Asker: 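Pasting a structure here, questions to come.
Letters A, B, ... mirror the listed sequences (proteins, then strands); counts begin at 1. Everything quoted here is computed from the prediction, not taken from an experiment.
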There are 2 protein chains.
Amino acid sequence: MADRNGKDAKPIRTALSSEDGIDLAIIELLFFAYRDFTSDPDQILAEYGFGRAHHRILHFVNRMPGLTVAELLDVLKITKQSLARVLKQLIDTGHVIQIQGPRDRRQRELYPTEKGRALALDLARPQSRRISAALKSARTTERAGIEQFLKAMVNPELRAQIDNLPGNALRESHGDE
Amino acid sequence: MADRNGKDAKPIRTALSSEDGIDLAIIELLFFAYRDFTSDPDQILAEYGFGRAHHRILHFVNRMPGLTVAELLDVLKITKQSLARVLKQLIDTGHVIQIQGPRDRRQRELYPTEKGRALALDLARPQSRRISAALKSARTTERAGIEQFLKAMVNPELRAQIDNLPGNALRESHGDE
DNA sequence: AAAATATGTCAACAAGGCTGACATAAATTT
DNA sequence: AAATTTATGTCAGCCTTGTTGACATATTTT
């Protein structure tokens, strides 16, 4: 009757390692790399009382000006109620503006203001600098290999989200087209 | 008096692109890659009523068995109150156990149980599979280049956290030593 | 005219961060 | 031996950002 719920079990004292064929090195590298990659903009955002949610919205509104609320929801994969709260703050602070859709007047097209564009750039700059430095330090100037690897990490059915962004030369052959 | 707080400003209709020398391609690839990289374990965790916080704790307890609460806090960079809530659940469910430190009896050494080790492996497996597939698809079998890039993305002063993990052959020369 | 769609909004809830305050046991310092 | 510091635990409350469900409005489609 001991060990009813798994308590009072024995401790495992050996470290998990690459024994079971798990690629721990890259799993952990992705964790640490992403943690620090996001820390740069996080600091700037805090000055504005913003968070990562604001960053994501601001980034995609800048990358796809005029996208509708529904389109933004689709990229971010969150609910409209979640979006509304954060988007409202970006609108109230004059970083984003809404314009009634020209063909369908129910839609709200989202655009950055100059202020919003400037902030998006401020947030992107340290990330870009970090990437640039990392690319240099990786002796193998294998930028292409790194891009291919990262893209291949994305779910196949969602890779279109990448291809649909403007000026992304990173398109694979799609059979025809 | 118009434009008091940045509202009623003009919309910018041009998309942000690689104009200002910002590396948008890799910024976005990291975002999408990490989003999907974490989605695999997230699904499994949901079955247990766990979240990403549980995953992080479980991972590092498995990778550094016997580490103390203070050491874990240092790796995760969260407060002990945040840790306590989640760690308690892992202990109550028999995934992690605490053992009084042998030299310093104030310390609590954290160990995975068999159950905890099994779950950690279940969570790591799909991530490892995704990485393996991505490495294959990146024609350039430049694993080393990718590892170097990711490591170079981490804050220099925090790279020791990577080096201190067991069985990580990814050590740079540190001058002497 | 009726139904469907795009958006907004209200209310309530949860996870997982945070801070501040205080308690305990054990180690260290005086 | 006494006082202080350290490692940990815990209580209470707050914030952000996600969730669901319900309902309102304007506009487009059927």
Asker: Mind listing the closest non-hydrogen atom pair of A/Phe60 and A/Leu76 along with its distance?
Answerer: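 Heavy atoms only, the tightest pair is CD1-CD2, 3.9 Å.
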Asker: Between A/Tyr48 and A/Leu123, is a side-chain contact (heavy atoms from CB on, under 4.5 Å) present by the stated rule, with each step listed?
Answerer: CA-CA 12 Å; A/Tyr48 292 77; A/Leu123 294 169; over 6 Å; no
Asker: Between D/dT28 and A/Arg105, is there an OP1 or OP2 to side-chain N/O distance shorter than 4.0 Å?
Answerer: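 Checking D/dT28 against A/Arg105, a side-chain N or O does come within under 4.0 Å of OP1 or OP2.
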Asker: I'd like to know if the side chain of B/Arg63 pairs up with that of B/Asn164 as donor and acceptor (distance under 3.5 Å, no hydrogens or angles considered).
Answerer: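 No.
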Asker: Please give, in whole Å, the distance from D/dT8 P to B/Ile99 CD1?
Answerer: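 The distance from CD1 of B/Ile99 to P of D/dT8 comes to 14 Å, rounded to the nearest Å.
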Asker: Output the rounded distance in Å from CG (B/Asp92) to P (D/dG9).
Answerer: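 For the pair B/Asp92 CG and D/dG9 P, the rounded distance is 12 Å.
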Asker: Would you kindly give the NZ-to-P distance between A/Lys88 and C/dT7, to the nearest whole Å?
Answerer: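 To the nearest whole Å, that distance equals 17 Å.
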Asker: A/Arg159 side chain to A/Ala152 main-chain N or O, any donor-acceptor pair under 3.5 Å?
Answerer: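 Here the side-chain-to-backbone pair exists.
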Asker: Base contacts versus sugar-phosphate-only contacts with protein, heavy atoms under 4.0 Å: please encode nucleotides 13-18 of chain C as B, S and - from 5' to 3'.
Answerer: ---BBB
Asker: In terms of the nearest nucleotide of DNA chain D, which residue is placed more toward the 5' end: A/Gln100 or B/Thr68?
Answerer: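 That would be B/Thr68.
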Asker: Roughly, in whole Å, what's the span from CG in A/Leu72 to P in C/dT7?
Answerer: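 It works out to 10 Å between those atoms.
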Asker: Near DNA chain C, which residues from residues 31-38 of chain B have a heavy atom under 4.0 Å away?
Answerer: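 The answer is none.
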Asker: Would you say the ring centroid of A/Phe50 lies under 6.0 angstrom from that of A/His95?
Answerer: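 Close enough - the centres of the two rings lie under 6.0 Å apart.
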Asker: Among D/dG9, D/dA7, D/dT27, find the nucleotide with the atom closest to the side chain of B/Asp104.
Answerer: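 Nucleotide nearest to B/Asp104's side chain: D/dA7.
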Asker: Is the centre of the A/His59 ring less than 6.0 Å from the centre of the B/Phe31 ring?
Answerer: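 A/His59 vs B/Phe31: aromatic centres not under 6.0 Å.
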Asker: What is the distance from CG of B/Asp74 to P of D/dA7, rounded to the nearest Å?
Answerer: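 Result: 12 Å.
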Asker: Using salt bridge (Lys or Arg N to Asp or Glu O under 4.0 Å), reason through A/Arg143 and A/Glu147 one step at a time and then give a plain yes or no.
Answerer: CA-CA 6 Å; A/Arg143 183 197 171 86; A/Glu147 288 197 1; 2.8 Å; yes
Asker: Taking only side-chain nitrogens and oxygens of B/Arg108, does any of them come within less than 4.0 Å of OP1 or OP2 of D/dA7?
Answerer: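 Result: no.
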Asker: For B/Leu110 and D/dA7, give me the distance from atom CG to atom C1', rounded to whole Å.
Answerer: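 The distance from CG of B/Leu110 to C1' of D/dA7 comes to 12 Å, rounded to the nearest Å.
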Asker: Expressed as a whole number of angstroms, how long is the span from A/Leu73:CG to C/dT7:C1'?
Answerer: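 Between C1' of C/dT7 and CG of A/Leu73: 10 Å.
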Asker: Starting at atom CZ of A/Arg103, determine the distance to atom P of C/dT7, rounded to an integer number of angstrom.
Answerer: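 The distance from CZ of A/Arg103 to P of C/dT7 comes to 14 Å, rounded to the nearest Å.
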Asker: Which atom pair, heavy atoms only, marks the closest approach of B/Ser128 to A/Asp23?
Answerer: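 Minimum heavy-atom separation between B/Ser128 and A/Asp23: OG-N, 2.8 Å.
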Asker: What nucleotide among D/dT27, D/dG9, C/dT7 has an atom nearest to a side-chain atom of B/Val69?
Answerer: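 Taking heavy atoms from C-beta onward, the closest nucleotide is D/dG9.
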Asker: For residues B/Ile78 and B/Leu73, report the shortest heavy-atom separation together with the two atoms involved.
Answerer: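 That would be O-CD2, 3.5 Å.
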Asker: Nearest to the side chain of A/Arg106, heavy atoms from C-beta on, is which of D/dT28, C/dT7, C/dA27?
Answerer: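 For the A/Arg106 side chain, the nearest candidate turns out to be D/dT28.
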